[in-house]
Amino acid sequence: MRLLIQLLLFFVTLSTINAQITFGVKGGGSIATVNDTPTLANITQTGNVSALTGGVFFEFGEGFAALRPEVLLQQRGYDYTLADIDSTFLEQFNYLDIPVTLRLRLGKPKFRLYLEGGASLGIVLEGVRRASADGNTVETDLLSSGLSGQTTGESRGYDLMGVVGGGLELKLGPGRLSIGGRYNVDLNDLYDFKDQSAPPNWQEVKWRSFDFTVGYGITLNFL
């Protein structure tokens, strides 16, 4: 993260000299799940959950390389079933995500391919568990109640993820249309046991998600 902050300051300074900053909006969909399940051996199956993502972005740099901070509202979740219980469970979280990526472009301004990589800090805004059986649904606030079962772990209030992706950019009108995909992988456990020990044989629960988005940005010249 320190390196990303230093790169951000470098590109902000460079963009101030060139007096060019690209501002835009983006939106799309996300498919998320977890690598392992918060279980004491009674979760039998987990599944993917589709959700929405969207927000704003800035770009510092117009050529081959650009630093791209974003502010996004992001939903992530997964569902699962328990052994010997005729019900389904959905755990869903709303995040304020702040990804910072380095975007490398190849091609002419009218049509360019790009690759990007970086990190994202997510702040949990809301987390709920929905248990459904026989047409009835019960909700639990995960930010205060934490895990089900004989554990005292709470959902962590933040999320740090590694980000890689790619796509294409098209010159369209006064700005650029961007179409791309991004893979996000957690760098920390979704649950926090505070000062207590995790359950025996605990496997860290980490998000895995793929985003597909469409964005449009306009470069502003201040000189």
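No hydrogens, no waters, no symmetry mates; every other heavy atom, side chains included, goes into these values. For clarity, every value in this text was computed on a predicted model and none was experimentally measured.
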* To do: Would you verify whether the NZ or CZ of Arg68 falls within 45 degrees of the ring axis of Phe57 while also being under 6.0 Å from that six-membered ring's centre?
  => yes
* Asked: Would you say Tyr95's side chain and Leu72's backbone share a donor-acceptor pair under 3.5 angstrom?
  -> no
* **Rounded distance (nearest 0.5 Å) linking atom CZ of Phe111 with atom CG of Leu113** => 5.0 Å
* Asked: Taking 4.0 angstrom as the limit, do Arg182 and Glu70 come out as a salt bridge?
  -> yes
* Asked: For the atom pair CG (Asp97) and CD1 (Ile123), what is the distance rounded to the nearest 0.5 Å?
  -> 9.0 Å
* To do: Check side-chain contact (heavy atoms from CB on, under 4.5 Å) between Leu52 and all other residues, then give those that pass, not counting sequence neighbours.
  => Gln75
* Contact check, side chains of Leu220 and Thr22, non-hydrogen atoms, under 4.5 Å -> no
* Which heavy-atom pair separates Leu104 from Ala65 by the least distance, and what is that distance? -> CD2-CB, 3.8 Å
* Quick one: do Leu121 and Asp159 satisfy side chain to side chain contact (heavy atoms under 4.5 Å, CB included)? Show the steps, please. => CA-CA 6 Å; Leu121 175 64; Asp159 198 35; over 6 Å; no
* **Flag side-chain contact, heavy atom, 4.5 Å: Met161 against Arg208** => no
* To do: Heavy atoms only: give me the nearest Phe93-Gly127 pair and the separation to one decimal.
  => CD2-CA, 3.7 Å
* To do: Report whether Leu168 and Leu172 are members of the same hydrophobic cluster (ILVMFWY, side-chain heavy atoms less than 4.5 Å apart, transitive linking).
  => yes
* **Side chains of Asn184 and Gln74 in contact at under 4.5 Å (non-hydrogen atoms)** => no
* **Pairing residues for Asp186 by the salt bridge (Lys or Arg N to Asp or Glu O under 4.0 Å) criterion, not counting sequence neighbours** => none
* Go through Asp211 and Tyr183 one step at a time and tell me if the side chain to side chain contact (heavy atoms under 4.5 Å, CB included) criterion holds. => CA-CA 7 Å; Asp211 304 335; Tyr183 180 67; over 6 Å; no
* Do Pro69 and Phe60 come close enough that some side-chain heavy atom pair is under 4.5 Å? -> yes
* **Interatomic distance, Arg112 atom CZ to Arg176 atom CZ [nearest 0.5 angstrom]** => 5.0 Å
* Output the distance between atom CD1 (Ile31) and atom OG (Ser209), rounded to the nearest 0.5 Å. => 10.0 Å
* Asked: Does the ring centre of Phe58 sit less than 6.0 Å away from the ring centre of Phe23?
  -> yes
* When hydrophobic residues are tied together by side-chain contacts of less than 4.5 Å, even through go-betweens, does Leu102 share a cluster with Phe64? -> yes
* To do: Identify whether the distance between the nearest side-chain nitrogen and carboxylate oxygen of Lys110 and Glu169 falls below 4.0 Å.
  => no
* Determine yes or no for a side-chain-to-main-chain donor-acceptor pair under 3.5 angstrom, with Asn188 supplying the side chain and Leu160 the backbone. => yes
* Relative to Tyr114, does Arg103 satisfy both conditions: NZ or CZ under 6.0 angstrom from the six-membered ring centre, and within 45 degrees of the ring's axis? -> yes
* For the residue pair Glu126 and Val124, establish whether any side-chain heavy-atom pair is separated by less than 4.5 Å. => no
* Leu125 with Val71, same ILVMFWY side-chain cluster at under 4.5 Å -> yes
* Asked: What distance do Ser178 atom OG and Tyr216 atom OH have between them, rounded to the nearest 0.5 Å?
  -> 12.0 Å
* In the single-linkage hydrophobic clustering (I, L, V, M, F, W, Y; side-chain heavy atoms under 4.5 Å), do Leu115 and Val164 co-cluster? -> no
* Less than 4.5 Å apart, any side-chain heavy atom of Val49 and any of Leu90? -> yes
* To do: Mind checking the CD-CG spacing from Glu116 to Leu67? Nearest 0.5 Å is all I need.
  => 11.0 Å
* Give the cluster check for Leu187 versus Val163: same hydrophobic cluster or not, with ILVMFWY residues linked at side-chain heavy-atom distances below 4.5 Å. => no
* Could you walk me through whether Ile21 and Thr219 pass the side chain to side chain contact (heavy atoms under 4.5 Å, CB included) check? -> CA-CA 6 Å; Ile21 299 176; Thr219 300; over 6 Å; no
